[in-house]
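Encoded as structure tokens, the structure appears first; notes follow it.
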Protein chains: 2
Amino acid sequence: MYPDKKTTIQDIAARANVSISTVSRVLNNTAPVAEETRRRVLRIIDELGYKPNLFAQSLAGGQSRTIGVLTQLIGSPFYDVILRGILQGIEGSGYSPLFADGGWDGNKDRIALNMFMDRKVDGLILLNGHTSDDYLVDLASQVPMIVLGRVIPGLEELCLPFDDYEAARKATRYLIETGHRRIAHITGILSHEDAIERKNGYLSALAEAGIEADPDLIIEGDYTEPSGVMAVEMLLMRGRIFSAIFASNDQMAYGARLALHRRGLRVPEDVSIVGFDDQAPSAYMIPPLTSIRRTPLEIGEVAGRALVDLMQGKPIRLPKFQSVLMIRESVMRRL
Amino acid sequence: MYPDKKTTIQDIAARANVSISTVSRVLNNTAPVAEETRRRVLRIIDELGYKPNLFAQSLAGGQSRTIGVLTQLIGSPFYDVILRGILQGIEGSGYSPLFADGGWDGNKDRIALNMFMDRKVDGLILLNGHTSDDYLVDLASQVPMIVLGRVIPGLEELCLPFDDYEAARKATRYLIETGHRRIAHITGILSHEDAIERKNGYLSALAEAGIEADPDLIIEGDYTEPSGVMAVEMLLMRGRIFSAIFASNDQMAYGARLALHRRGLRVPEDVSIVGFDDQAPSAYMIPPLTSIRRTPLEIGEVAGRALVDLMQGKPIRLPKFQSVLMIRESVMRRL
DNA sequence: TATTATTGTGAAAGCGCTTTCAATTTACAC
DNA sequence: GTGTAAATTGAAAGCGCTTTCACAATAATA
């Protein structure tokens with residue numbers, strides 16, 4: 001059922017009447033081998049179901065055929081899909097992914113990164129995180145690396161940002177175009193870069209339209225549904241008028257939507273909502289939620305492939321990904 | 001910034017005036033070492049920031065300090081949270097997780113499993129999957145292993161099933177208790193064990209109440225939102241009366257709910273719905289969805305810890321996890 | 001006190017592979 | 001033909017660690 005794990009390169013060499021060096025050569029294509037010899041060795045390898053011992057290879061060669069993937073919180077939809085994309089991107093490359101979860105905690109990031117280095121990963125993909133730029137610059141000099149969702153000064157060509165600013169601007173602008181002037185914003189965790197970017201995008205769209213931002217209409221959430229309801233409660237309590245809400249992610253939009261409902265406010269008749277991330281359920285909310293869609297699967301796949309190229313010394317060029325606003329029914333034109 | 005990666009056991013031995021054997025011994029506690037020597041070695045290890053080379057260790061010792069985690073589809077909420085639980089469960093154990101995605105495809109499962117064995121993982125955690133029982137029984141004889149969401153005959157003590165049958169029964173029974181008799185069921189993918197179990201639970205609850213199951217009220221879905229709307233369209237087209245729907249997961253419940261809304265049917269006044277999995281948005285749907293909640297985080301954590309114990313030769317005992325029905329507002333009592 | 005375990009430690013043999021280094025052929029140009 | 005480059009191959013030296021095996025020094029037992 002499972003190939004005999006005890007076959008070594010020695011066995012192959014013996015059976016094929018060559019030295020282990022030769023076997024190693026046909027295995028790695030590292031030097032010319034006579035066609036006939038190559039074929040014979042290959043046949044025997046196949047017959048015996050020989051698989052080189054990866055540890056021996058790594059020890060001797062210095063390659064672990066492993067890449068480290070550091071995510072921030074397994075279980076958050078957007079990142080998880082990126083993860084799947086990465087898996088697709090490296091599929092067939094011979095590299096296997098070692099995972100770690102930083103939990104949006106710089107310390108855990110460090111620990112994970114150290115673990116990766118101890119295990120001598122051949123490459124690294126970071127999904128955002130709270131590690132300092134300096135540390136990453138240093139790290140990048142030691143191992144091929146791709147950084148998602150963040151741009152590190154000095155490593156621009158290895159970074160693939162997520163377009164948070166532009167997307168948030170686009171979302172806010174849409175609300176403005178549909179006639180809204182008093183637009184509330186439920187932000188994400190403001191210690192996260194992406195939340196800041198989105199807030200800035202919102203602010204910029206307002207400024208662009210000559211609308212003065214009202215601090216009272218900006219509430220910090222934490223990316224969870226409950227924080228969405230809290231935000232609406234807060235907004236209502238403050239008594240400021242608003243006709244629309246731009247939430248920094250869909251989960252908070254869900255929360256906001258329910259809170260509005262509880263207070264007898266209709267969506268979109270009384271209040272319009274736009275979310276961010278376009279999670280699967282959003283199109284099935286009542287009413288279906290207008291939201292910003294990104295392409296996490298593609299992002300992950302591109303990152304995975306780029307890392308493989310990078311590890312093989314090929315030049316890489318990371319594309320820019322554009323977000324698109326999925327217009328549904330949670331926004332109503334205001335006259 | 002990053003510890004000098006060139007320090008080897010030789011360096012430590014030299015500085016400490018002992019042989020490398022001794023250093024190895026203090027490192028692994030594999031034989032008594034004089035207290036004074038041990039302290040000296042430890043101090044030098046610390047001073048030089050020495051970290052043993054894992055490949056050398058593995059090659060010489062046969063342990064990879066790595067475990068393989070095979071999930072089925074990164075990006076599905078329930079499994080992803082289990083993954084996070086596993087990460088928590090093995091944290092601090094010194095084992096690092098290698099991930100692979102089987103995509104509910106027996107072949108990919110095999111490939112991943114082979115990859116794990118090539119990499120000589122010390123342990124394995126399988127989240128369900130389509131690998132044959134025989135194969136797994138064989139595998140279990142080669143490496144410590146925990147199987148989640150499925151029970152393999154002969155490996156019962158290594159399996160932690162998910163209670164699908166009982167939970168589905170509980171959900172259906174609740175609908176019956178609230179006065180519903182014509183209860184539709186949107187199943188999951190019926191080639192998946194869990195979908196079958198849930199369907200059986202549903203059937204059993206009906207039988208128990210003396211309600212004859214109507215095949216026309218059972219529609220196969222595929223666990224996605226769109227299949228939920230399709231199912232309702234189908235149900236409506238068939239023209240059979242029903243006052244409640246039990247969906248095999250929340251996503252399909254979302255779809256069903258929207259489809260009902262489009263057709264002018266109110267939830268729960270006209271049709272009651274109960275879902276399965278209690279995903280985060282469910283409590284924020286309108287109306288909040290009654291659903292079955294399981295504890296994926298705990299399940300994962302327990303599995304992770306159990307595997308560590310298993311690898312260390314300790315006896316394990318997997319607990320039974322109970323699901324609970326989260327009663328919210330999507331079900332209305334029928335008189 | 002003689003004998004037998006125990007401790008404490010180093011030398012050396014691998015673990016299974018990659019990679020010089022050198023030697024032996026073979027091929028091609030002049 | 002003769003010389004030189006290219007093709008083929010093996011021996012051997014590691015890669016950095018774990019683990020016998022041996023041996024000396026102590027401690028425990030009779």
Side-chain angles (χ1 to χ4, degrees), chain A residues 3-42 44-45 48-66 94 117-122 311-312, chain B residues 3-42 44-45 48-66 94 117-122 311-312:
Chain A
D4 185 2
K5 18 170 57 162
K6 289 283 117 237
T7 318
T8 78
I9 199 174
Q10 307 275 1
D11 303 328
I12 306 297
R15 284 274 206 308
N17 264 310
V18 293
S19 71
I20 61 170
S21 324
T22 301
V23 178
S24 172
R25 280 173 194 127
V26 348
L27 240 28
N28 306 294
N29 256 306
T30 166
V33 171
E35 193 46 36
E36 194 213 312
T37 316
R38 138 172 281 107
R39 242 195 287 278
R40 179 156 34 96
V41 170
L42 249 19
I44 296 185
I45 285 179
L48 273 58
Y50 165 71
K51 294 277 192 62
N53 178 314
L54 284 164
F55 296 132
Q57 284 188 309
S58 301
L59 182 56
Q63 299 259 300
S64 64
R65 307 244 103 212
T66 286
M117 296 309 279
D118 287 348
R119 291 184 178 269
K120 312 224 183 315
V121 295
D122 294 335
M311 292 185 294
Q312 298 174 345
Chain B
D4 186 2
K5 21 169 57 158
K6 290 282 118 238
T7 316
T8 79
I9 198 173
Q10 307 275 2
D11 303 329
I12 305 298
R15 283 275 207 309
N17 265 309
V18 293
S19 70
I20 61 169
S21 327
T22 300
V23 177
S24 172
R25 280 172 193 127
V26 349
L27 241 26
N28 306 294
N29 257 307
T30 166
V33 171
E35 191 48 34
E36 193 213 315
T37 315
R38 136 172 282 108
R39 239 196 287 279
R40 179 156 34 96
V41 170
L42 250 20
I44 295 184
I45 285 180
L48 273 58
Y50 165 71
K51 294 278 194 63
N53 177 315
L54 284 164
F55 296 131
Q57 289 193 153
S58 301
L59 182 56
Q63 300 259 302
S64 66
R65 307 243 101 211
T66 284
M117 296 309 279
D118 287 349
R119 290 184 178 270
K120 310 218 183 321
V121 295
D122 294 335
M311 292 186 295
Q312 298 174 344

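Values reported hereafter were calculated over all heavy atoms of this structure, with side chains retained and with hydrogens, waters and symmetry mates removed. Chain letters run A, B, ... following the sequence lines, proteins first, then strands; residues in each count from 1.
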Original post:
Choosing from D:dT19, D:dT9, C:dT19, which nucleotide comes nearest the side chain of A:Thr30?
Top reply: C:dT19
Subject >> Residue B:Ala60, side-chain atoms from C-beta onward, closest of D:dC15, D:dC17, C:dT19 >> reply: D:dC17
Subject >> Rounded distance in Å - CD (A:Gln10) to P (C:dC15) >> reply: 8 Å
Subject >> Residue closer to the 5' end of DNA chain D, A:Glu35 versus B:Leu27 (nearest nucleotide) >> reply: A:Glu35
Original post:
Can you tell me how far C1' of D:dC17 sits from NZ of A:Lys120, to the nearest Å?
Top reply: 12 Å
Original post:
What is the nucleic acid contact for B:Thr37, judged by heavy atoms within less than 4.0 Å: base, sugar-phosphate only, or nothing?
Top reply: sugar-phosphate
Subject >> Atom pair OG/CZ of B:Ser19 and B:Arg25 - distance to nearest 0.5 Å >> reply: 6.0 Å
Subject >> Sugar-phosphate, base or nothing in reach of A:Thr22, heavy atoms under 4.0 Å >> reply: sugar-phosphate
Original post:
NA contact type, B:Asn17, heavy-atom cut-off 4.0 Å: base, sugar-phosphate, or nothing?
Top reply: sugar-phosphate
Original post:
Distance from A:Leu27 atom CG to A:Leu42 atom CG, nearest 0.5 Å?
Top reply: 8.0 Å
Subject >> Whole-Å gap separating P (D:dG16) and OH (B:Tyr50) >> reply: 10 Å
**OP:** Return no unless some side-chain N or O of B:Ser19 is found under 4.0 Å from OP1 or OP2 of C:dG10.
**Re:** yes
**OP:** Would you kindly give the CD1-to-P distance between A:Ile9 and D:dG10, to the nearest whole Å?
**Re:** 12 Å
**OP:** For B:Val18, answer base if it contacts any base atom (sugar-phosphate contacts may also be present), sugar-phosphate if it contacts only those atoms, and nothing otherwise; contact means non-hydrogen atoms under 4.0 Å.
**Re:** sugar-phosphate
Original post:
How long is the line joining CG of A:Leu59 and P of D:dC17, in whole Å?
Top reply: 9 Å
Original post:
Which listed nucleotide (D:dC17, C:dG16, C:dT19) is nearest to the side chain of A:Ser24?
Top reply: C:dT19
Subject >> Closest to side chain of A:Pro32, choosing from D:dT19, C:dC15, D:dT8 >> reply: D:dT8
Using the 3.5 Å cut-off, write out each protein N or O paired with an N or O of nucleotides 20-22 of chain D and the distance between them.
unit_1 : atom_1 : unit_2  : atom_2 : d
D:dT20 : O4     : B:Arg25 : NH2    : 3.3

**OP:** Nearest whole angstrom, please: distance from the P of C:dT18 to the CG of A:Asn29.
**Re:** 12 Å
**OP:** Pick base, sugar-phosphate or nothing for A:Ile20, based on heavy-atom distances below 4.0 Å to the nucleic acid.
**Re:** base
**OP:** Take atom CD of B:Glu36 and atom C1' of C:dT9, then tell me their distance rounded to the nearest Å.
**Re:** 14 Å
**OP:** Quick one: pull up NZ in A:Lys120 and CG in A:Leu59 and give me the separation to the nearest 0.5 Å.
**Re:** 10.0 Å
Original post:
Can you tell me how far CG of B:Leu54 sits from CZ of A:Arg119, rounded to the nearest 0.5 angstrom?
Top reply: 5.0 Å
Original post:
With sequence neighbours left out, what residues match A:Asn17 under side chain to side chain contact (heavy atoms under 4.5 Å, CB included)?
Top reply: A:Arg40
Subject >> Given DNA chain C, 5'-ward residue of the pair B:Arg38 and A:Phe55, judged by closest heavy atom >> reply: B:Arg38
**OP:** Can you measure from OG1 (A:Thr7) to CD1 (A:Ile12) and round to the nearest 0.5 angstrom?
**Re:** 6.5 Å
**OP:** Without swapping roles, check the side chain of A:Thr66 against the backbone of A:Ser64 for a donor-acceptor pair under 3.5 Å.
**Re:** yes
Original post:
Hey, what do you get for CD1 (A:Ile9) to OG1 (A:Thr22), rounding to the nearest 0.5 Å?
Top reply: 9.5 Å
Original post:
Would you say D:dT18 has OP1 or OP2 under 4.0 Å from some side-chain N or O of B:Asn28?
Top reply: yes
Subject >> Nearest-Å distance for atom pair CD1/C1', residues B:Ile12 and D:dG16 >> reply: 12 Å
